[in-house]
Amino acid sequence: MQRAVLIMFLAMSLIPAGDSAGKLLTGSYATAPIFVAWSRFLVGALVVLPFVPRSAWALLRNWRIWLRAAILAVGITCIQTALRIEDVATVFAAFFIGPLISYALAVLFLREPVTVLRSALVIAGFIGVLIVVRPGIETSAGVLWAVAAGTCYGIFLTMSRWLGPLGSPMALTFTQLLISALLLLPFGLTQIPTMTGAVAALTVTSALCSMLGNLLLLYAYKLAPATRIAPLVYFQLVAAVGLGWVIFGDLPDVWTWTGLIIILTAGLCSARLR
């Protein structure tokens with residue numbers, strides 16, 4: 001579990017870094033979110049291609065592998081759309097409906113062990129998400145996109161655990177990148193921006209950080225059950241708040257800080273449970 005925690009900490013720091021690069025693309029350089037999502041999968045697939053085992057190609061015949069990649073493609077597109085509108089910290093706080101969904105699905109469909117205390121902590125984290133989102137008539141479109149992205153990510157996390165025995169982390173990472181790139185190809189090709197040096201650098205940075213983060217995530221899922229790994233996804237909040245402040249000068253308001261503290265506390269306490 002200690003190795004899983006360290007791997008998850010690094011993975012959950014890389015993913016917000018990739019999304020921050022994507023936010024710069026969509027905000028400062030008016031790049032379409034669908035292009036950011038598509039290029040992320042395409043570049044990532046090309047980078048890992050030389051290291052892919054032969055067994056990865058056989059996985060492409062499995063419909064579950066395609067479904068998992070399709071859910072990821074939708075989720076990444078949703079979060080890039082959300083980041084175009086909202087600040088990084090708020091998006092990631094709303095996004096953290098994902099661990100609750102992953103936890104519930106792992107219990108229902110994977111029959112993984114569950115305790116009353118762990119369930120209470122996951123629910124507490126969800127209450128923190130509600131404090132940030134504050135659902136109502138005035139809920140912004142960006143927050144709703146983030147919730148949609150979190151829902152997709154929760155399903156993706158559970159499917160990663162479910163399909164883990166089918167292949168190595170490298171093989172599974174390649175299939176999700178390749179399939180997602182193929183699914184988004186018709187949309188991405190129509191939204192290619194003017195490729196300046198800055199746009200190219202941010203595109204590659206977004207893709208590499210996301211790819212490495214998700215690859216490490218799969219390694220962590222090899223080491224521990226989904227019910228114990230899911231709360232560690234909350235580590236992304238620390239990086240998201242820090243990057244939002246350093247890069248964009250965004251600091252959460254009082255309600256968002258309150259929700260963030262609840263989410264982090266519940267997630268870390270759940271991670272320490274035996």
With sequence neighbours left out, the residues meeting side chain to side chain contact (heavy atoms under 4.5 Å, CB included) with L42 are W38, L46, A181
Between atom CG of L260 and atom OG1 of T90, what is the distance when rounded to the nearest 0.5 Å? 7.5 Å
How long is the gap from CD1 on I79 to CD on E86, to the nearest 0.5 Å? 12.0 Å
Search all heavy atoms of I76 against all heavy atoms of A37 and return the closest pair with its distance. CG2-CB, 3.7 Å
Heavy-atom side-chain contact between T81 and I34 under 4.5 Å: no
So if you build clusters from Ile, Leu, Val, Met, Phe, Trp, Tyr with side-chain heavy-atom gaps below 4.5 Å, do W145 and L130 land together? no
Test side chain to side chain contact (heavy atoms under 4.5 Å, CB included) applied to T265 and L121, step by step: CA-CA 9 Å; T265 301; L121 289 170; over 6 Å; no
Would T158 and F109 count as a side chain to side chain contact (heavy atoms under 4.5 Å, CB included) if you check the C-alpha gap in whole Å, the side-chain angles of each, and the deciding distance to 0.1 Å? CA-CA 9 Å; T158 305; F109 296 105; 5.7 Å; no
Got a sec, which residues hit side chain to side chain contact (heavy atoms under 4.5 Å, CB included) with V48, two or more places apart in sequence or on another chain? V52, M170, F174, L177, M211
G125 to A266 - nearest heavy-atom pair and separation: N-CB, 3.7 Å
Could you pull out all residues at least two apart from S39 that satisfy side chain to side chain donor-acceptor pair (under 3.5 Å)? none
Can you name the residues that form a side chain to side chain contact (heavy atoms under 4.5 Å, CB included) with L100, not counting sequence neighbours? V122, F126
State, to 0.1 Å, how close L166 and L59 come at their nearest heavy-atom pair, and which atoms those are. O-CD2, 3.6 Å
Kindly write out the residues that satisfy ring-ring contact (aromatic ring centres under 6.0 Å, His included) with F92, not counting sequence neighbours, or none if the list is empty. F95
Working to the nearest 0.5 Å, report the span between CG of L157 and CG of L72. 9.5 Å
Indicate if L264 and L10 have the same hydrophobic cluster label, given that clusters are the connected sets of ILVMFWY residues with side-chain heavy-atom separations under 4.5 angstrom. yes
Rounded to the nearest 0.5 Å, what's the gap from OG1 on T151 to CD1 on I101? Could you check? 3.5 Å
Is there a side-chain contact between R64 and W162, using heavy atoms and a 4.5 Å cut-off? yes
So, for P33 and T77, which heavy atoms are closest and what is the spacing to 0.1 Å? CB-O, 4.5 Å
Give, for atom CZ of R68 and atom CD1 of I179, the distance between the pair rounded to the nearest 0.5 Å. 8.5 Å
Show the nearest heavy-atom pair for residues C152 and G75, with the distance to one decimal. CB-CA, 3.7 Å
The test is side-chain hydrogen bond (donor to acceptor under 3.5 Å, both in side chains); show your working for Y153 and S102 and say whether it passes. CA-CA 8 Å; Y153 196 57; S102 176; over 6 Å; no
More than 12 heavy atoms of other groups within 6.0 Å of R3 CZ: no
Sub-4.5 Å side-chain heavy-atom contact between L60 and L178: yes
Would a single hydrophobic cluster contain both V204 and L14, if residues Ile, Leu, Val, Met, Phe, Trp and Tyr are joined by side-chain heavy-atom contacts under 4.5 Å? yes
Do the non-hydrogen side-chain atoms of Y103 and S119 ever get within less than 4.5 Å of each other? yes
Side chain to side chain donor-acceptor pair (under 3.5 Å) contacts in which one or both residues fall within residues 179-197, not counting sequence neighbours: none
Please check: side-chain N/O of S210 versus main-chain N/O of S206, any donor-acceptor pairing under 3.5 Å? no
Kindly compute the distance separating CG (L216) from CG (L6), expressed to the nearest 0.5 Å. 11.5 Å
Which ILVMFWY residues are connected to I127, directly or by a chain of links, through side-chain heavy atoms under 4.5 Å apart? I123, I131, W255, I262
I85 and V241: same hydrophobic cluster, using ILVMFWY side-chain contacts below 4.5 Å? no
Test: side chain to side chain donor-acceptor pair (under 3.5 Å). Region: residues 14-25. Which pairs qualify, not counting sequence neighbours? D19-R40, D19-Q80
Residues A32 and R84: closest non-hydrogen pair is CA-NH1, 4.2 Å
Residues in side chain to side chain contact (heavy atoms under 4.5 Å, CB included) with T31, at least two apart? L25, Y29, F35, V36, P193
I need the full list of ring-ring contact (aromatic ring centres under 6.0 Å, His included) pairs touching residues 185-218, with sequence neighbours left out, sorted by first then second residue. none
ring-ring contact (aromatic ring centres under 6.0 Å, His included) partners of F9, counting only residues at least two apart: F235
Is there a path of hydrophobic side-chain contacts, each under 4.5 Å between heavy atoms of I/L/V/M/F/W/Y residues, joining V43 to F51? yes
Residues in side chain to side chain donor-acceptor pair (under 3.5 Å) contact with S13, at least two apart in sequence or another chain: none
So do F248 and V88 actually touch side chain to side chain, heavy atoms under 4.5 Å? yes
